[in-house]
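Everything numeric here is computed off the predicted structure, so don't read it as measured data. Order of appearance sets the numbers: ligands from 1, and atoms from 1 within every ligand.
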Amino acid sequence: MTPSMNTSQDRAFFGHPRGLSTLFFTEMWERFSYYGMRALLLLYMTAPVAAGGLGFDTAQGGAVYGLYTSMVYLATMPGGWIADRLIGPRRAVLYGGIFIAAGHFSMALALLPMFYLGLFLIVIGTGLLKGNVSVIVGKLYASGDNRRDAGFSIFYMGINLGAFIAPLICGYLGQEIAWHYGFGAAGVGMVLGVVQYVLGGAALGDAGVEPASATPDARARWRRQATLWGGLFVAMAAMVGIGGYTGAIPITATQVSDAAGVMLLAITFGFFGWLYMSGGFTPEERKRLYVIGVLFLAASIFWSLFEQAGSTLNLFARDRSDNAVFGAAFPSSWFQSMNSLFLIVFAPIMAWVWIRMSSAGTEPSTPMKFAWGLVFAGLGFAILVIPASNESQLASPLWLTTTYFLHTIGELVLSPVGLSAMTVLAPARIGGLMMGVWFLATSVGNFISGRVTGFYEAMALPSLFGTVATVGIVLGVILMLLTPAMRRLLPTQPSQH
Ligand code: GLN
């Protein structure tokens, strides 16, 4: 990556380039809007019409939740492409922020078509913003600058600071005052992020202004046309989807969601099929690609458990948990702040543990860390079987707190190492694509997490949580058993990742 000449010497923000502060707060506000709205989304959809909600049944709400959250992450792939080839990351982030804010305000209008239009705008906006803002972070540093990893850790704190305060504010406004104040607050947050991004733009120098690949005119024209047609296709598909969801055309919400599920499967199989069939890789590279395939699968399953924070765990918090501390009641959506709170506290401790283990030569390999991630995610659900089985009593808030603690430890052993491992294992010429694949795993995971919600009422809660827990723990153990074989596929063990 080429550093921006005027930022790479800068140490104004905790020893980092001043531009990191701009990006930190942009992403903080973007995540504030994302998690603030997400904390309310399923609660709003499943609340009775009399209570200002949409009156959906849980399965339908879950299908929309899964579709929306999976598309948000899927959109980062075309969003990266558009920035790389056409408009550059800097403008992509700006346009993305504007789309997102418009989306939240659209949702605040309390009309069903505007609700879906809002979700659609947020998907497009996040696709343009989320991956590209990280790309600009990378561009603040010269290639040998050893502050880069620390810079990303600070940036990850921005993500979690936004995710921490969002449910406290939007959740409170939405659940206690009126849903639309919650959505509106998410929009206000994103506007602050955009204003701050524009005002702080000078600190970024020329980082990310230009598209990564300057192309000859003919290809640039082709790309603009491809984007235009792709955009039209997506907009039309969205219209059909919205038409179906709002009952304007005779297709059901579940059919739209099923279609998206088939598309996700097709993209995943198409991509890995191409990867393994293509003759363009050496046998050595091919072995690493198999490892990537296994890690992809593990990450998808991990996120499908973890992302139930906004779906089944959110419903459990509302219906079955005793939401009060020392007699003071709090809105159920506040539980969604816990993951970020734990993350902010434990990320530095975990980093210290890895350094200690690595100097002692005992740091687990990447597949082993992924395996532990799955086990922790599974354990988080396993403990909930106990309060879920006790129907006569609301669960102490300590149960969900413990679940989120276990899930955060899982996230810490899997998520930060994940992308890094993808880029280390992938041949350099498809490195950018691998960033997209990492988000594809999140997308698949979110989709599954929404569909699991369909069982929230159809199955007894202890069996549902027990099944989810078993999937995580059993797959984690299988991955542990596979680890020695996977290490053999990797001639030079990337033990640091
Ligand atoms: N919490 C992180 C973020 O919002 C990671 C989310 C994910 O990849 N599922 O960026």
Side-chain angles (χ1 to χ4, degrees), residues 23-39 41 65-66 68-77 79-80 93 96 100 122-123 125-127 129-137 152-167 186 189-190 193 264 295-296 298-311 313 336-347 350 370 373-374 376-377 380 404 407-422 434-450:
L23 302 172
F24 178 100
F25 289 110
T26 306
E27 180 60 343
M28 183 194 87
W29 284 119
E30 185 273 326
R31 290 285 95 184
F32 171 91
S33 74
Y34 178 75
Y35 284 109
M37 194 281 268
R38 196 194 73 162
L41 182 59
Y65 172 91
Y68 162 70
T69 51
S70 67
M71 290 304 129
V72 155
Y73 286 101
L74 190 64
T76 56
M77 296 173 81
V93 169
I100 293 171
I122 299 171
V123 167
T126 315
L129 191 150
K130 176 87 168 116
N132 291 321
V133 70
S134 313
V135 169
I136 310 177
V137 173
F152 272 101
S153 303
I154 296 177
F155 181 72
Y156 210 75
M157 288 289 168
I159 289 179
N160 283 289
L161 201 56
F164 168 62
I165 49 178
M190 191 65 255
L264 266 183
L295 296 183
F296 175 89
S300 305
I301 303 297
F302 173 81
W303 293 120
S304 75
L305 271 68
F306 180 90
E307 296 287 353
Q308 287 182 50
S311 61
L313 296 177
Q336 308 228 4
S337 288
M338 277 181 176
N339 164 242
S340 300
L341 182 62
F342 282 134
L343 197 126
I344 291 167
V345 174
F346 286 101
M350 199 58 130
F370 270 55
L374 280 167
F376 277 113
Y404 283 123
H407 281 189
T408 308
I409 300 298
E411 179 184 2
L412 278 169
V413 296
L414 183 140
S415 179
V417 288
L419 186 57
S420 157
M422 295 269 164
M434 281 301 155
M435 167 93 87
V437 171
W438 180 243
F439 282 121
L440 181 62
T442 304
S443 176
V444 172
N446 270 287
F447 185 82
I448 301 174
S449 82

Calculate, to the nearest 0.5 Å, the distance between atoms CE and CG belonging to M338 and L343 respectively.
14.5 Å

Applying ring-ring contact (aromatic ring centres under 6.0 Å, His included) to F296 and not counting sequence neighbours gives F272

Collect the protein residues that have a non-hydrogen atom under 4.0 Å from ligand 1 and hand them over in chain and number order.
R31, Y35, Y73, K130, Y156, I159, W303, E307, E411, T442

Show me the pairs that pass side chain to side chain donor-acceptor pair (under 3.5 Å) and involve residues 155-167, at least two apart or across chains.
Y156-E411, Y156-S415, N160-S340

Parallel, tilted or perpendicular: rings of F306 and H407 (30°, 60°):
tilted

Heavy-atom nearest pair, P416 first then L412, reads CD-O, 3.5 Å

For residues 300-309, which residue pairs qualify under salt bridge (charged side-chain N to carboxylate O under 4.0 Å, His left out), counting only residues two or more places apart or in two chains?
R38-E307

